[in-house]
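Working notes, structure below.
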Amino acid sequence: MSLKLTSYKGTRDLYPVDMAERRYIFDGWRVIATRYGYKEYMAPLLEPVEIYAAKSGAEIVNEQTYSFTDRGGRQMVIRPEMTPSITRMVAARRQEMSMPARLYSIANFMRYERPQHGREREFWQLNLDVFGIDNIYAELEIINMSWDVLGYFGATADMFTIRVNDRRLTDFIMRDYLGLNDDQTMCMIKLLDRYDKMPRATFDEAASEILGGDQGLIDRLNAVISVETLDDLPAEIRDNQVTAPLRDLLGKLQLQGLTNVVYSVRLMRGFDYYTGIVFEVFDEAPENRRAMFGGGRYDGLVGLFGVEPLPVAGVAPGETTFREFLLAHNLMPDFSDSCGPNITILPIGGSDTLDAATDVADELRGSGLNVTVDYTGRKADKQTKAAVKNKAGWLIYIGDDELADEVMTIKNVGTGKQDKVPAVELVSYFYAKLDEQLDSLLMDKVGEEE
RNA sequence: GCGUCUGUAGCUCAGUUGGUUAGAGCGCUGGAUUGUGGCUCCGGAGGUCGCAGGUUCGAGUCCUGUUAGACGCCCCA
């Protein structure tokens with residue numbers, strides 16, 4: 001009976017190449033968050049169950065979280081999301097924090113769900129939240145960041161669409177325009193959320209049932225579900241003040257040249273804690289069309305902690321769907337040849353050369369260079385082959401001759417050229433080479449810009 | 001919780017109507033070459049054919065169950 005080789009269901013093993021891809025994504029996220037003045041925080045991996053129960057249904061928390069009882073009898077949960085935690089943190093310093101507070105984190109979460117395309121049990125998310133701005137500029141900033149977070153990696157407007165809606169407008173349509181009660185509204189929102197997933201006939205049938213077969217209401221519903229812009233809405237909705245925030249936001253985004261932002265009357269984002277504008281970023285890759293991530297305004301949560309309420313807008317891109325977006329649009333660099341140290345020392349003589357290699361490695365490392373040593377004692381060709389495969393930039397051969405002469409043989413893997421360098425000049429040799437590399441990199445960069 | 005598809009070497013796969021000891025390429029590893037990489041040649045390791053039952057003289061192959069994975073549904077904070 002041997003141990004299993006596979007990782008736990010819904011989790012991923014990240015080998016160096018995978019990790020390089022993750023680092024690439026996270027580093028880009030940090031650049032954009034920082035560029036907008038957001039500061040990084042971190043919350044605990046575990047939270048008491050109550051913090052989620054207030055917001056999500058008890059059912060969801062019980063069935064879809066990893067939870068356990070600690071030794072003190074407390075019901076604890078591995079965080080399934082960041083919003084309650086950061087809300088708690090901000091609420092705890094409600095009086096002393098200067099507003100607006102712009103905060104971000106990149107963290108992992110766990111949900112006990114069936115893994116499928118784009119969904120894992122353990123996943124990482126960038127959480128961006130701005131606290132303390134009650135006007136539309138908060139949403140504007142969040143959507144701009146969502147755009148830039150993709151644009152930073154080379155995404156262009158044709159690769160994705162940002163769909164925007166307003167919870168208050170949806171409520172108006174459900175209650176005032178259609179005259180639905182709470183239950184009907186809830187069912188209708190759920191139904192609209194799945195509109196694109198079902199055949200039209202199925203939708204019509206379900207809608208008719210919710211509306212009690214009232215043909216007048218069905219006609220009114222049909223008049224709104226297929227509109228593409230705010231202006232296409234029936235006059236009694238279009239001319240109501242409830243459309244003002246969306247109109248304002250869309251106008252501002254248009255002025256900024258964000259051509260791929262559209263109004264979507266069917267966008268629902270579940271119906272948890274959002275109180276105003278909601279939006280979703282859609283991948284338009286033909287083989288990958290679906291919602292990547294979303295966000296919106298949630299003004300009601302801070303107050304749940306018993307402090308003066310605060311308006312909040314946020315967005316949370318997930319690594320899983322983000323990675324697939326980059327792959328689908330050919331935006332992920334190839335990291336398969338970018339791991340490994342710069343310099344590999346190959347001792348190819350007696351055991352003396354192993355000791356000498358260790359000393360040389362120590363000296364170079366002391367000067368800030370990345371160095372590894374092949375201690376296998378294999379023949380020179382095997383050592384060379386392994387080092388090249390590991391993407392070493394330079395090889396230092398230390399054999400009996402080098403030891404005797406105190407001169408090292410250095411090979412540039414890229415060019416195949418070799419130099420004989422006195423042992424005492426090794427460090428300055430490599431720094432001169434690094435300078436050359438930097439210069440040529442700068443030249444390339446200048447060349448690109450021209 | 002429900003459904004569909006897929007499990008043969010580390011990877012990609014072959015394996016005839018059920019028939020001896022289960023194969024190939026790549027990868028890994030050693031040698032040809034007691035001191036130099038991407039070629040070439042020769043060797044080696046690595047498989048209870050996902051697991052368990054059943055049918056059969058005989059099962060990688062057929063049947064049943066089960067498990068794991070992928071993808072959908074439900075859900076998606």
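Please read these numbers as outputs of a predicted model, since none were measured by experiment. A, B, ... follow the sequence lines: proteins, then strands. Residue 1 opens every chain.
Within residues 405-418 of chain A, the residues approached by RNA chain B to less than 4.0 Å at the level of any non-hydrogen atom are A:T409, A:K411, A:V413, A:G416, A:Q418, in residue-number order. For the contact set between residues 108-115 of chain A and RNA chain B, defined by any heavy atom under 4.0 Å, the members are A:R111, A:E113, A:R114.
Stem regions annotated for RNA chain B: B:1-7 with B:67-73, B:10-13 with B:23-26, B:28-32 with B:40-44, B:50-54 with B:62-66, counting only runs of 3 or more consecutive pairs of Watson-Crick or G-U type with both contacts under 3.5 Å.
Donor-acceptor pairing under 3.5 Å is lacking for the side chains of A:S67 and A:Y112. A:D129 and A:Y298 form a side-chain donor-acceptor contact under 3.5 Å, judged by distance and modelled atom types alone. For the 3.5 Å distance criterion, the side chains of A:T11 and A:E122 fail to qualify, holding no donor opposite an acceptor. A donor-acceptor contact closer than 3.5 angstrom is absent between the side chains of A:N144 and A:Y36.
Contact annotation for A:R79: no contact, since no heavy-atom pair falls under 4.0 Å across all strands. Within the nucleic acid shown, A:E402 comes within 4.0 Å of at least one base atom, counting heavy atoms only. Here A:T376 lies out of heavy-atom contact (under 4.0 Å) with every strand.
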Filtered N/O pairs between nucleotides 65-69 of chain B and protein, under 3.5 Å:
unit_1: B:G69; atom_1: OP2; unit_2: A:K9; atom_2: NZ; d: 2.5

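Atom NZ of A:K385 is separated from atom C1' of B:G30 by 11 Å (rounded to the nearest Å). Between A:Q116 atom CD and B:U4 atom C1' there is a gap of 13 Å when expressed in whole angstrom units. Between A:E120 atom CD and B:C71 atom C1' the separation is 14 Å, expressed in whole Å. Across the protein-nucleic acid pair, A:D381 atom CG and B:G31 atom C1' stand 10 Å apart, rounded to whole Å. Note: CE (A:M198) to C1' (B:C75) measures 14 Å, nearest angstrom. A:Q383 places its CD atom 15 Å from the C1' atom of B:G30, with the value rounded to the nearest Å. In this structure, the NE2 atom of A:H117 is 17 Å from the C1' atom of B:U6, given to the nearest Å. In this structure, NZ of A:K391 is placed 10 Å from C1' of B:G37, rounded to the nearest angstrom.
Evaluation of atom-type donor-acceptor distances gives a pair under 3.5 Å for the side chain of A:R119 against the base of B:C75. For A:E63 against B:G1, no side-chain N or O and base N or O form a donor-acceptor pair under 3.5 Å.
Residue pairs that meet the ring pair (Phe, Tyr, Trp, His ring centres under 6.0 Å) test with at least one member in residues 302-327 of chain A, sequence neighbours left out, are A:W29-A:F322, A:F153-A:F322, A:F325-A:H329.
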Could you give me the CA-CA distance, side-chain angles and deciding distance for A:R175 and A:D182, then say whether salt bridge (charged side-chain N to carboxylate O under 4.0 Å, His left out) is met? CA-CA 8 Å; A:R175 292 170 203 287; A:D182 286 358; 2.7 Å; yes
Please assess A:R289 against A:E284 for the test salt bridge (charged side-chain N to carboxylate O under 4.0 Å, His left out), listing each intermediate value before the final yes or no. CA-CA 5 Å; A:R289 283 184 57 95; A:E284 294 291 352; 2.3 Å; yes
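Proximity of a side-chain donor or acceptor of A:Q383 to a complementary backbone N or O of A:R378 within less than 3.5 Å is detected.
Between B:G7 and B:G30, the distance separating the two P atoms is 35 Å to the nearest Å.
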Below 3.5 Å, can you tabulate the donor-acceptor pairs from side chains in residues 203-213 of chain A to any protein atom, sequence neighbours excluded?
unit_1: A:D204; atom_1: OD1; unit_2: A:R200; atom_2: NE; d: 3.0
unit_1: A:D204; atom_1: OD1; unit_2: A:R200; atom_2: NH2; d: 3.3

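Note that A:R111 lies outside the cation-pi zone of A:F123, set by a 6.0 Å cut-off to the ring centre and a 45° limit from the axis.
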